[in-house]
Protein chains: 4
Amino acid sequence: MAGSSFGTIFRVTTWGESHGRGLGVVIDGCPAGLPLCGEDIRKFLDRRKPGQSGYSTSRKEDDAVEILSGIFEGRTTGTPVSLAVFNKDQRSKDYSEIASCYRPGHADYTFDRKYGFRDYRGGGRSSGRETIGRVAAGAVAVKLLNRLGITFLTYTKSIGPVCIRPQNYDPAQIGQNPFYMPDREAAEEAGRYLDACMADGNSAGGVVECVVSGLPAGLGEPVFDKLDAGLAKAVMSIGAVKGFEIGDGFEAAGATGRENNDAFEIRDGAVAKKTNHAGGILGGISDGSDLILRAAIKPTPSIASAQQTVSRAGEEITLSIRGRHDPVIVPRAVVVVESMAALTIADALLANVCSRMDALEMFYAGRQRR
Amino acid sequence: MAGSSFGTIFRVTTWGESHGRGLGVVIDGCPAGLPLCGEDIRKFLDRRKPGQSGYSTSRKEDDAVEILSGIFEGRTTGTPVSLAVFNKDQRSKDYSEIASCYRPGHADYTFDRKYGFRDYRGGGRSSGRETIGRVAAGAVAVKLLNRLGITFLTYTKSIGPVCIRPQNYDPAQIGQNPFYMPDREAAEEAGRYLDACMADGNSAGGVVECVVSGLPAGLGEPVFDKLDAGLAKAVMSIGAVKGFEIGDGFEAAGATGRENNDAFEIRDGAVAKKTNHAGGILGGISDGSDLILRAAIKPTPSIASAQQTVSRAGEEITLSIRGRHDPVIVPRAVVVVESMAALTIADALLANVCSRMDALEMFYAGRQRR
Amino acid sequence: MAGSSFGTIFRVTTWGESHGRGLGVVIDGCPAGLPLCGEDIRKFLDRRKPGQSGYSTSRKEDDAVEILSGIFEGRTTGTPVSLAVFNKDQRSKDYSEIASCYRPGHADYTFDRKYGFRDYRGGGRSSGRETIGRVAAGAVAVKLLNRLGITFLTYTKSIGPVCIRPQNYDPAQIGQNPFYMPDREAAEEAGRYLDACMADGNSAGGVVECVVSGLPAGLGEPVFDKLDAGLAKAVMSIGAVKGFEIGDGFEAAGATGRENNDAFEIRDGAVAKKTNHAGGILGGISDGSDLILRAAIKPTPSIASAQQTVSRAGEEITLSIRGRHDPVIVPRAVVVVESMAALTIADALLANVCSRMDALEMFYAGRQRR
Amino acid sequence: MAGSSFGTIFRVTTWGESHGRGLGVVIDGCPAGLPLCGEDIRKFLDRRKPGQSGYSTSRKEDDAVEILSGIFEGRTTGTPVSLAVFNKDQRSKDYSEIASCYRPGHADYTFDRKYGFRDYRGGGRSSGRETIGRVAAGAVAVKLLNRLGITFLTYTKSIGPVCIRPQNYDPAQIGQNPFYMPDREAAEEAGRYLDACMADGNSAGGVVECVVSGLPAGLGEPVFDKLDAGLAKAVMSIGAVKGFEIGDGFEAAGATGRENNDAFEIRDGAVAKKTNHAGGILGGISDGSDLILRAAIKPTPSIASAQQTVSRAGEEITLSIRGRHDPVIVPRAVVVVESMAALTIADALLANVCSRMDALEMFYAGRQRR
């Protein structure tokens with residue numbers, strides 16, 4: 001079934017495989033009049049680029065995005081914005097290894113069971129390159145949200161056992177280390193940890209945290225389309241994500257009600273919360289505080305060590321994955337988590353415009369006068 | 001925007017408020033020919049009933065479900081199954097407290113901001129009673145899945161700081177204690193912990209775990225409609241859930257690839273995994289192993305202790321919530337988590353039938369002969 | 001698959017069978033703050049009631065609607081509005097005839113082929129009583145649209161060969177005759193035609209026309225979700241409708257461009273069209289003129305005359321349908337067509353609010369100040 | 001709002017403007033294992049190509065389609081099939097006329113009202129070139145349906161006042177004349193009629209008819225997602241279509257029940273209908289007979305004659321559209337109607353697989369054994 005679309009009003013549809021002709025996304029439902037250019041998208045795609053440090057693959061993925069539709073005189077027209085990144089290098093490679101066996105931790109086996117066969121070239125549709133479409137669309141969503149005063153701060157919270165420390169927290173550091181960590185010390189420690197992993201033919205996972213500021217209260221729909229439910233789906237749909245939290249998350253499960261409840265107060269003449277254990281959402285609806293979410297990302301499944309597995313033909317074999325692979329994908333996932341959060345919020349923001357008769361009446365009264 | 005529907009092929013739509021006329025659900029897209037009776041649904045609703053122990057409210061919620069449509073001669077007809085639970089007791093109560101202020105940890109404030117006003121009677125649409133529709137529909141989904149050999153085991157993993165211990169794990173205990181814990185010792189400990197909470201005017205949260213067995217490989221769609229993404233949305237849409245995990249979840253983020261990868265082997269002539277850190281899903285698609293998920297549930301926000309908050313009129317006040325409230329909602333959430341998981345899986349199971357041309361050709365070839 | 005929902009933002013889901021427990025609809029996505037009471041809905045349901053003249057069945061369908069959720073203090077709350085009509089009389093009748101054979105022109109055969117069996121009591125889900133949910137929801141949509149200055153005029157244009165004449169056209173007549181015809185003479189003629197049909201054990205069809213005034217320009221989305229495409233689906237989904245037209249419809253196919261193009265002019269300081277062959281829609285988007293649509297309704301398939309058909313068991317038989325049936329359903333379909341048009345327009349109206357950045361910025365700027 | 005997607009299980013999303021970088025479509029949900037190559041699509045696109053006779057524009061639209069994803073080793077993989085046609089010629093032209101005024105019968109005015117501005121180059125998104133995505137996707141749907149024994153016969157039924165005659169009906173003629181008419185005489189007459197139109201600076205419309213054979217009974221969902229309702233939306237969403245009929249359509253409205261009912265009989269051991277006034281659909285569900293539908297297409301709005309209109313600036317002006325335009329678009333719309341019908345049927349065909357428990361049980365029983 002169609003599973004490559006996300007969102008209802010602001011809806012994106014991605015396509016493409018790792019080693020095919022290219023990858024892209026169609027953004028349908030973006031309001032007309034948003035200034036948008038290739039540079040807006042390129043900046044986002046650069047954040048997911050590998051080869052930027054010794055800790056990610058040295059493959060050159062010089063992904064140039066092309067805007068194929070939906071922009072006129074520098075602004076969105078209200079019709080679909082089609083974005084594509086064409087693969088530069090489609091030389092036939094030797095895929096016999098990946099074609100003939102099931103790599104542990106990968107989707108080779110499940111794709112074969114579901115579809116009967118699979119495009120095994122570079123992982124096909126289940127490759128990390130699939131996120132190009134998400135990030136290109138995320139750039140547009142972030143641009144839209146920025147204009148409404150909503151901003152994102154996303155970073156690596158931990159890599160393997162190395163976690164940022166509150167006392168070291170410094171957002172200015174995020175762009176200063178290859179791991180997007182807001183803690184210089186932790187970043188250095190993470191580097192040493194990853195060196196050891198690589199030397200051992202092993203890999204690491206980690207946690208990404210995203211803080212969204214400036215959200216108006218009222219986003220999200222009660223019951224099934226709660227804002228946090230939508231965010232959970234968005235973030236869990238990223239390959240390798242195994243857990244999701246909002247606010248205090250699993251820690252809240254161990255706290256008491258008195259600890260966990262956020263008291264309301266009047267601040268600057270408006271209702272506000274004294275604390276934010278809730279992570280900016282009450283009853284599935286944004287409450288005007290910072291929205292805080294976290295994603296747990298598993299260690300890269302492609303490791304140099306020998307692994308037990310089975311071949312497509314049904315024989316037990318030992319597999320040693322050749323080539324170079326990222327010992328950790330967490331840093332490259334930072335912008336993907338931010339993109340998925342932005343897509344979810346953009347859709348909720350548009351949906352919320354229709355919540356009240358008074359706003360509707362005001363909107364159409366204004367239209368008639370034009 | 002419409003946010004009270006869940007699912008695409010097997011789609012449920014719930015309605016109703018805590019202290020209104022009643023609550024219900026319309027299940028649309030259930031295949032024809034599933035045997036179904038009121039007793040199937042009553043058993044599920046009983047699992048979410050309060051008043052079954054000293055640890056949940058002594059309110060009498062004798063919720064009798066009525067089947068309003070979609071069943072004929074004991075089987076589903078393929079048309080919408082409408083289920084309703086009518087509130088027995090709609091006497092006008094004194095809601096002035098909840099009407100005039102914003103209870104910490106509740107949705108009072110966000111509903112007011114979104115809609116301009118709210119049905120404050122008993123929490124309205126954001127009350128825990130909203131889950132009646134989920135559970136009634138979940139009963140139907142579980143019945144359907146059972147016929148295909150898919151079974152659920154759902155239980156409380158922890159309450160506050162009290163967690164079940166692997167060495168004590170005994171599923172037979174689940175129905176033997178008021179907390180649905182598969183560990184007698186832990187259940188007794190949890191009882192003592194909750195006694196202390198109540199004595200202190202406080203409350204607790206906890207973690208629910210759900211294990212699904214017998215799932216065929218192949219469920220879930222690549223990219224946005226991954227099975228785990230759908231489950232995340234389903235479970236996070238339950239009020240009070242703040243975190244979601246699949247398989248090892250957040251622990252996977254701290255593990256290495258060698259630890260976390262599940263090796264494949266041949267078992268009983270078929271491909272199987274030696275371990276199940278993945279929790280039964282690879283690349284968003286079920287792999288035939290047990291599916292394992294967890295939900296973190298925050299402590300009950302309604303506590304007897306005095307709390308700081310603000311009134312609708314914008315004044316800072318001190319609130320002491322009267323009446324009796326569950327010191328923990330985790331045990332009652334067990335069946336809600338199971339229901340949401342079942343709804344997600346039923347939808348994915350139906351969607352998957354259309355994945356391959358060979359199955360499609362076989363289906364319609366068979367039809368023509370009938 | 002789930003097929004009982006209509007709309008995206010303003011979404012309705014109907015349930016119920018002719019002779020089951022009852023029928024109803026859940027309206028999800030209705031903006032908060034719309035004044036609504038049972039009387040609003042009853043007025044609409046009365047328009048589809050049979051037994052109001054000698055030309056429709058004398059069955060007593062005294063359908064009292066109950067509002068089960070979504071209204072508080074006389075206004076919609078933004079959460080689902082659940083409406084139900086319970087069947088008064090569920091005595092077991094003799095359904096052996098309809099159960100054992102396939103009535104020509106009915107859905108008996110196709111339901112059996114699709115689902116393997118069917119609820120044959122009174123036609124089950126394919127009975128005309130299914131429209132109760134549509135009309136109840138339509139009443140809400142019309143109420144909403146009325147507040148924005150959008151009004152509906154719907155009537156019977158023809159019955160069998162009898163068509164209203166332009167020179168006799170008088171909207172005041174619509175409520176004055178049992179056929180809802182805006183032409184007294186034509187109504188009398190139609191009465192005579194139907195008398196003859198009935199005497200002959202035969203039945204008639206006809207055409208319903210709906211004119212929507214006060215629509216703002218801009219409703220409808222380019223390409224697949226054009227306003228006229230949505231209206232076509234809405235109206236064609238009514239049982240017995242075999243054709244749909246917008247504006248000049250099939251006549252436009254025979255006209256020349258010069259005849260069919262509507263010239264623009266400036267009227268009262270605004271852009272307007274001199275003529276309205278287009279029926280109020282250009283490129284799938286409302287243009288501010290009256291929207292005009294028509295539905296072709298086939299003759300009632302239940303006739304007294306003997307008909308050739310086959311039994312469920314596969315034998316050719318002669319069927320004479322007993323009991324009294326409407327010789328024409330066109331007059332009762334008038335309010336159903338209006339309801340479906342209103343549901344479509346309400347959804348398009350809400351969708352359109354998100355078309356432009358400037359409106360979005362204004363909306364959220366306003367929110368922040370509150 | 002997102003309005004460029006069609007279908008639920010088999011879902012297509014189109015993008016692109018007339019004179020932009022290109023146009024394309026993403027087909028999501030196509031089952032895995034369907035053989036597909038560029039030639040399959042090219043054949044369909046050729047049928048909508050202009051410049052094939054003196055009666056359509058001599059513009060050279062040599063549209064080469066590129067398959068960007070979703071195909072591996074000549075078969076669909078189950079992941080999105082992305083197809084694109086890049087515009088060869090994007091030279092800047094003089095668009096001042098179309099930019100500054102509202103052409104009668106076009107969407108210039110409504111786009112401006114909806115979005116505040118528009119991409120006026122060649123009509124932008126509302127150009128007939130938008131159908132490239134529909135037809136490319138339609139080619140895939142028809143390929144899929146053909147494998148299940150479902151075939152399409154689509155042709156021009158009338159042009160202006162010239163209609164094919166039953167006694168001349170010969171499908172072999174369809175490909176032999178520039179109008180795709182199954183009647184040589186009518187085609188010649190239509191040619192003469194169009195010559196006269198062109199000489200007079202005028203244009204014509206017409207009717208397209210589509211007959212689908214080999215459909216299994218059971219497609220379509222009761223109530224809102226009836227097969228004919230879906231087809232109506234699909235076909236009415238094509239620019240310039242003003243009316244839609246199924247079976248006898250508007251003629252049925254004038255017939256009696258005895259005339260219009262199709263008697264059932266046993267033919268070749270199976271239930272069949274003696275006649276087919278219903279056009280292959282009963283109660284919204286296919287009945288196994290030929291499905292017959294018709295679309296009324298308005299005359300080309302771009303005519304050489306002077307027309308009254310207004311400028312963007314709000315002044316009344318006289319417009320004479322320069323350049324060459326098709327005097328009739330009906331022949332080019334034939335393949336578009338067929339494509340939209342095929343997309344609708346493919347989606348309904350996939351949805352129907354989930355209608356019954358017995359089929360579901362058989363499907364998953366088979367899976368387990370694999």
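So that the names make sense, note that chain A is the first sequence line, chain B the second, and so on, each numbered from 1.
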Peer 1: Pick from A/Cys30, A/Gly33, A/Ala359, A/Cys354: which one has the most heavy-atom pairs with chain C under 4.5 Å?
Peer 2: A/Cys354
Peer 1: Mind ranking C/Leu349, C/Thr79, C/Thr8 by heavy-atom pairs under 4.5 Å with chain A and telling me who comes out on top?
Peer 2: C/Leu349
Peer 1: If you count heavy-atom pairs under 4.5 Å between each of C/Thr76, C/Leu34, C/Val353, C/Leu350 and chain A, which one has the most?
Peer 2: C/Val353
Peer 1: Between A/Arg356 and A/Asp358, does any side-chain N to carboxylate O distance fall below 4.0 Å?
Peer 2: yes
Peer 1: Should C/Arg47 and C/Glu338 count as an ion pair when the cut-off is N to O under 4.0 Å?
Peer 2: yes
Peer 1: Looking only at side chains, do A/Thr13 and A/Ser5 share a donor and an acceptor under 3.5 Å apart?
Peer 2: yes
Peer 1: So what's closer than 4.5 Å to chain A heavy atoms on C/Ile9: side chain, backbone, both or neither?
Peer 2: side chain
Peer 1: What I want to find out is whether C/Lys273 reaches C/Asp287 closely enough, with some N-O distance under 4.0 Å, to be called a salt bridge.
Peer 2: yes
